[in-house]
Structure formats: C-alpha cells, structure tokens
Amino acid sequence: MTSAGGQPWGWMGVMLPLILAAFLHQSFATVATPTPAQTTAAPHKDPGRPDRGKYNVTNSNNTVCLLAYMGLQLNITYNSTSQNKTVQEVVNIKPNGTLASGSCEADRAVLELKTDANKTVLTFVFTQNTTSSMYHLSEASLMTSVFNLKEGNFSAKNSSLDFLQGTFGYSYMCRMEQTLTVTQNLSINTFQVQLQPFGVSRSAFGAAVECQLDEDDMLIPIIVGAALAGLVLIVLLAYLIGRKRSHAGYQTI
C-alpha cells in the first residue's frame, strides 16, 4: 500500500488537540465573576456573608406597600480619637434583631431599619417618576452609636443616589453582590436583592426584572459554551475530511 495524497495527514492529529487545549485554557482563564462597580477598599475585618432579611412596610389601611428581601452589609470608615487612626468597620445587618418600618406615597417610599436595640438606623428612600413609572433608590442614610465614639454618633447621608432601578408593578432582582457607595465614609453591600417599593399587590412581589450584573453573569458561560461547541464541531469536521482524504489516497498495488 502506498499513499498518493501528498503530505501525510498525521500532523492534524497532533496539532488539533494542542489548539483545543490552548483555547480551553484561555477561555476559562478569562471567565471571571464581574466586579461590582463602585467597590470600596478592602476592609480589615470580614464578618462573612450576611443573612437575607425579609422586610416590609404597611400603609395606613394595613396593606403591604413595600417589600424587600436582601442581605445587607455596612462598610463604615471613621476617625478614632482613642486609636489615633482611621478605622474601617464591616457590620452585617442581622434580620432577627432588625425592626422594619416606613411609609409609602405615590412617588416616594421609605424603608427604615432599626437594629442593635435602636442604636443603628439605616434608611432607604425610593423615588418614582410617575410619568415613566420608573423607580430607583434616591437616598440612603445611616446613624449609629455602636462604636462609642468620643466625637459622637456616626452618621452619613446622600440624597442624590441612582441605584436599584425598577418599574412600577415589577420587582427589582439582583443575585450578584453589589456595592452601593453612599458617601466617602459609608458604602452598603447588598446580597441577593429582591425589592419592590411601588405597585405591590396582594402582599407579594410582582414579576422580577433582573439586574445587568445577573444578565452578564449568565451571558459569559453561554458565549464560552457556544465557542467550545463550535470548536469541537470544527475539529470533528477536520477529522472526518482528513480521514476521507486518507482513504482516497491509498491504492492497491
């Protein structure tokens, strides 16, 4: 038996596995969890992932008008006179010891969380554009006395925020961790958020609209999977074509 097909096809059997291995290594090396925007510097202490708390606000006729289900973590930076340095504290909001209250109006909803025997008060204010029916977190504030500061209580507030955007009648959902920068001295980490400050019906969340971070997190594996499937198909076709040409190149002497 002699080959009449020119150069041997054997190089393909060596090169294609090497190309596939290199592509797989590069693909998985580049797949990483998206980094949430506006992340503050790494804290000195890590209390771990906070528990998710279920919070709601009722209006004057005892009907639920705001729902929130989320884990909350506070990043607080302050100047300590006793330690003569800048200190960063990371504090988890514990649902079991937290009391939720607030108010609901046509274009403004307030969620107030009191914890540590009312020593810590965290307030979220949501604003709705009644024309577009879009809502967002427009204000957040914190007041706490748990650090026993000689300078007094720690407080921070920002009334010009634009986080957690949603639509009237729909709930906002984000499974990914986010960092909401309130001020230079306060940021809030949110975990597995689902909330609805407007258009709550029958004390239940409306249909959920997922955040961009969740969509990106799902899109990356789909793209990588499609690329790998395409590469496998190319390798298979190349193998079949090479095998066919090899058989066609042999003649009986």
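Residue numbers start at 1 and run along the sequence shown.
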Colleague: How long is the gap from CD on Gln194 to OH on Tyr172, to the nearest 0.5 Å?
Modeller: 11.5 Å

Colleague: Given Ser159 and Glu139, is the side-chain hydrogen bond (donor to acceptor under 3.5 Å, both in side chains) satisfied, shown in steps?
Modeller: CA-CA 4 Å; Ser159 303; Glu139 179 181 314; 3.2 Å; yes

Colleague: Just by modelled atom types, is the Lys119 backbone N or O under 3.5 Å from a matching donor or acceptor in the Asp116 side chain?
Modeller: no

Colleague: At what distance, to the nearest 0.5 angstrom, does OG of Ser201 lie from CD of Gln196?
Modeller: 9.0 Å

Colleague: From Thr190 OG1 over to Arg52 CZ, what is the distance, rounded to the nearest 0.5 angstrom?
Modeller: 11.0 Å

Colleague: With side-chain contact (heavy atoms from CB on, under 4.5 Å) as the test, would you mind laying out the steps for Leu122 and Ile188 before giving the verdict?
Modeller: CA-CA 10 Å; Leu122 176 62; Ile188 304 172; 3.9 Å; yes

Colleague: Please list all pairs meeting ring-ring contact (aromatic ring centres under 6.0 Å, His included) that have one or both residues in residues 80-130, counting only residues at least two apart or in different chains.
Modeller: none

Colleague: With a 4.5 Å cut-off on side-chain heavy atoms, are Thr58 and Thr63 touching?
Modeller: no

Colleague: With side chains defined as the heavy atoms from C-beta onward, is the minimum distance between Gln192 and Met173 less than 4.5 Å?
Modeller: no

Colleague: Between Val90 and Asp46, is there a side-chain heavy-atom distance shorter than 4.5 Å?
Modeller: no

Colleague: Please give me the minimum heavy-atom distance between Ala100 and Tyr55, naming the atom from each residue.
Modeller: CB-CB, 3.9 Å

Colleague: To check you understand the geometry: which heavy-atom pair defines the closest contact between Asp162 and Gln165, and what is its length?
Modeller: OD1-NE2, 2.9 Å

Colleague: Working to the nearest 0.5 angstrom, can you tell me the gap between Asn59 CG and Glu105 CD?
Modeller: 11.5 Å

Colleague: Determine, using the 4.5 Å side-chain heavy-atom cutoff (strictly less than), whether Leu180 and Val110 are members of one ILVMFWY cluster.
Modeller: no

Colleague: Does one hydrophobic cluster hold both Val125 and Leu66, with members joined at side-chain heavy-atom distances below 4.5 Å?
Modeller: no

Colleague: Can you give me the closest heavy-atom contact between Pro197 and Ala109, atom names plus distance?
Modeller: O-CB, 3.7 Å

Colleague: Applying side-chain hydrogen bond (donor to acceptor under 3.5 Å, both in side chains), run through Gln128 and Asp107 and close with a yes or a no.
Modeller: CA-CA 5 Å; Gln128 179 184 207; Asp107 59 355; over 6 Å; no

Colleague: Would you kindly confirm whether Phe198 and Val57 end up in one hydrophobic cluster when ILVMFWY residues are joined by side chain heavy atoms under 4.5 Å apart?
Modeller: yes

Colleague: Linking Ile, Leu, Val, Met, Phe, Trp and Tyr by side-chain heavy atoms under 4.5 Å, what else ends up with Val200?
Modeller: Val64, Leu67, Tyr69, Phe205

Colleague: Just wondering, more than 12 heavy atoms not from Asn118 lying within 6.0 Å of its CG?
Modeller: yes

Colleague: Any ring-ring contact (aromatic ring centres under 6.0 Å, His included) involving residues 90-117? Give me the pairs, sequence neighbours left out, ordered by first then second residue.
Modeller: none

Colleague: Does Arg108 CZ have over 12 foreign heavy atoms under 6.0 Å away?
Modeller: no

Colleague: Answer yes if the side chains of Ser155 and Asn153 hold a donor-acceptor pair under 3.5 Å, and no otherwise.
Modeller: no

Colleague: Heavy atoms only: give me the nearest Ile93-Pro95 pair and the separation to one decimal.
Modeller: O-CD, 3.3 Å

Colleague: Nearest 0.5 Å please: distance from the CZ atom of Phe154 over to the CG atom of Leu142.
Modeller: 6.0 Å

Colleague: Which heavy atom in Ser138 sits nearest to a heavy atom in Thr127, and how many Å separate them?
Modeller: OG-OG1, 2.6 Å

Colleague: A quick test of your reading: do over 12 heavy atoms of other residues, nucleotides or ligands sit less than 6.0 Å from CZ of Phe191?
Modeller: yes

Colleague: Go through Val87 and Thr77 one step at a time and tell me if the side-chain contact (heavy atoms from CB on, under 4.5 Å) criterion holds.
Modeller: CA-CA 6 Å; Val87 178; Thr77 303; over 6 Å; no

Colleague: Can you get from Phe147 to Val182 by hopping between Ile, Leu, Val, Met, Phe, Trp and Tyr side chains that sit under 4.5 Å apart?
Modeller: yes

Colleague: Might you point out which heavy atoms bring Pro50 and Leu72 nearest each other, and give the distance in Å?
Modeller: CB-O, 3.4 Å

Colleague: Given side-chain contact (heavy atoms from CB on, under 4.5 Å), test Glu112 with Val121 step by step and report yes or no.
Modeller: CA-CA 7 Å; Glu112 186 177 79; Val121 180; 3.7 Å; yes

Colleague: Would you call Glu177 and Arg49 a salt bridge, using N to O less than 4.0 angstrom?
Modeller: no

Colleague: Are Leu111 and Leu164 co-members of a hydrophobic cluster defined by side-chain heavy atoms under 4.5 Å apart?
Modeller: yes

Colleague: Please round to the nearest 0.5 Å and tell me the distance separating atom CG of Leu74 and atom OG1 of Thr120.
Modeller: 7.5 Å

Colleague: Please step through side-chain hydrogen bond (donor to acceptor under 3.5 Å, both in side chains) for the pair Thr183 and Asn185, ending with a clear verdict.
Modeller: CA-CA 5 Å; Thr183 68; Asn185 297 326; 5.3 Å; no

Colleague: Give a yes or no on whether Met134 atom CE has more than 12 heavy-atom contacts from other residues, nucleotides or ligands under 6.0 Å away.
Modeller: yes

Colleague: Without swapping roles, check the side chain of Thr115 against the backbone of Gly97 for a donor-acceptor pair under 3.5 Å.
Modeller: yes

